[in-house]
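Presented below is the structure to which this report refers.
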Amino acid sequence: MLDVGGTEAYWNTVAPDGLAGFTIVLLNQSAAAVTRPGFESIAGDARALSFEDRAFDVVFSNSVIEHVGDLHEQRRMAAEVRRVAARYYVQTPNRWFPIEPHFVFPGFQFLPLEIRTRLLMRFELGWYPRIANHVEARMIAESIRLLTESELRCLFPDGAIHREAFAGMTKSLIVTAGFDARATTRG
């Protein structure tokens, strides 16, 4: 399995007793040390994977595609995920959920770029400390592009969309393919 953007800590939480018989390759911008058997960590780019077609049984990616750039870059990542495995699971926050999950601020994703930049310069928001430098604050504000369900459908036309709800609203979107016959249905 290829885990794009994954960590060993995540797998320690979801499978504390191990994953006997599985090898999980963690792909991130930088390789990290791993301690559990069956894990490998490598550096790479989700938009240009250095693997042969169908090199993996499964590609797993949790909250990464919104960080790779604009829609063109997201399209590149989606194509690579679909190329290196017939089965995949890709999760991303829903653009239409009222609370932006990275900045934990209502409607942050809908504000003009300059207002998002100024908010980051003035306040500690979500996972981000207050950022004094305008250029850095703008880069961070631009670095996350949340997807809509229709965009996710276009990026993964062979996938099935699943909605993760919170308080009756779709908090995040999951697209899967190749796991069973239901993978061809639409969410």
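Across all their heavy atoms, Ser143 and Ile140 have their closest contact at OG-O, 2.7 Å. Closest heavy-atom contact between Ala32 and Ser41: N-OG, 2.8 Å. Minimum heavy-atom separation, Met121 to Ala137: CG-CB, 3.5 Å.
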Could you go through Leu125 and Leu120, starting from their C-alpha distance and side-chain angles, then the distance that decides it, and tell me whether this counts as side chain to side chain contact (heavy atoms under 4.5 Å, CB included)?
CA-CA 7 Å; Leu125 297 176; Leu120 284 168; 4.0 Å; yes
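Between the Asp70 side chain and the Glu73 main chain, a donor and an acceptor come within less than 3.5 Å of each other. Checking side-chain atoms of Thr23 against main-chain N and O of Gly38 turns up no donor-acceptor pair under 3.5 Å. Looking only at distances, a side-chain donor or acceptor of Glu80 sits under 3.5 Å from a matching main-chain atom of Leu49.
Residue pairs meeting the ring pair (Phe, Tyr, Trp, His ring centres under 6.0 Å) criterion with at least one partner in residues 42-66, sequence neighbours excluded, are Tyr10-Phe60, Trp11-Phe60, Phe51-Phe56, Phe60-Tyr89. Judged as a side chain to side chain donor-acceptor pair (under 3.5 Å), the pairs with a partner in residues 116-125 (not counting sequence neighbours) are, in order, Glu114-Arg118.
Connection of Ile42 to Val64 is established within a shared hydrophobic cluster, with ILVMFWY side chains joined at heavy-atom distances below 4.5 Å, either directly or through further cluster members. Residues Val25 and Ile65 are members of one and the same hydrophobic cluster, defined by side-chain heavy-atom contacts under 4.5 angstrom among Ile, Leu, Val, Met, Phe, Trp and Tyr. Taking hydrophobic clusters as Ile, Leu, Val, Met, Phe, Trp and Tyr residues chained together by side-chain heavy-atom distances below 4.5 Å, Leu111 shares a cluster with Leu146. Cluster annotation: Tyr128 is not connected to Val135 through the hydrophobic network of ILVMFWY side chains, with a link wherever side-chain heavy atoms come within less than 4.5 Å. Cluster membership for Ile115 and Ile131, using ILVMFWY side-chain heavy atoms within less than 4.5 angstrom, is shared.
Counted by atom type alone, His102 and Glu100 present one or more donor-acceptor pairs between their side chains at under 3.5 Å. No hydrogens or angles considered: a donor-acceptor pair under 3.5 Å links the side chains of Thr35 and Glu8. Ser63 and Gln91 share a side-chain donor-acceptor pair at under 3.5 Å.
Taking the six-membered ring for Trp and the full ring otherwise, Phe105 and Phe123 have centroids separated by 6.0 Å or more.
Using a cutoff of 4.0 Å between basic side-chain nitrogens and carboxylate oxygens, Arg145 and Glu151 are scored as salt-bridged. Taking 4.0 Å as the cut-off between side-chain N and carboxylate O, Arg163 and Glu149 count as a salt-bridged pair.
The side chain to side chain contact (heavy atoms under 4.5 Å, CB included) test with Leu155 is passed by exactly one of Leu71, Val90, Val175: Leu71.
More than 12 heavy atoms of other residues, nucleotides or ligands lie within 6.0 Å of CZ in Phe110, so this atom counts as buried by the packing criterion.
Judged as a salt bridge (Lys or Arg N to Asp or Glu O under 4.0 Å), and not counting sequence neighbours, Arg87 has no contacts.
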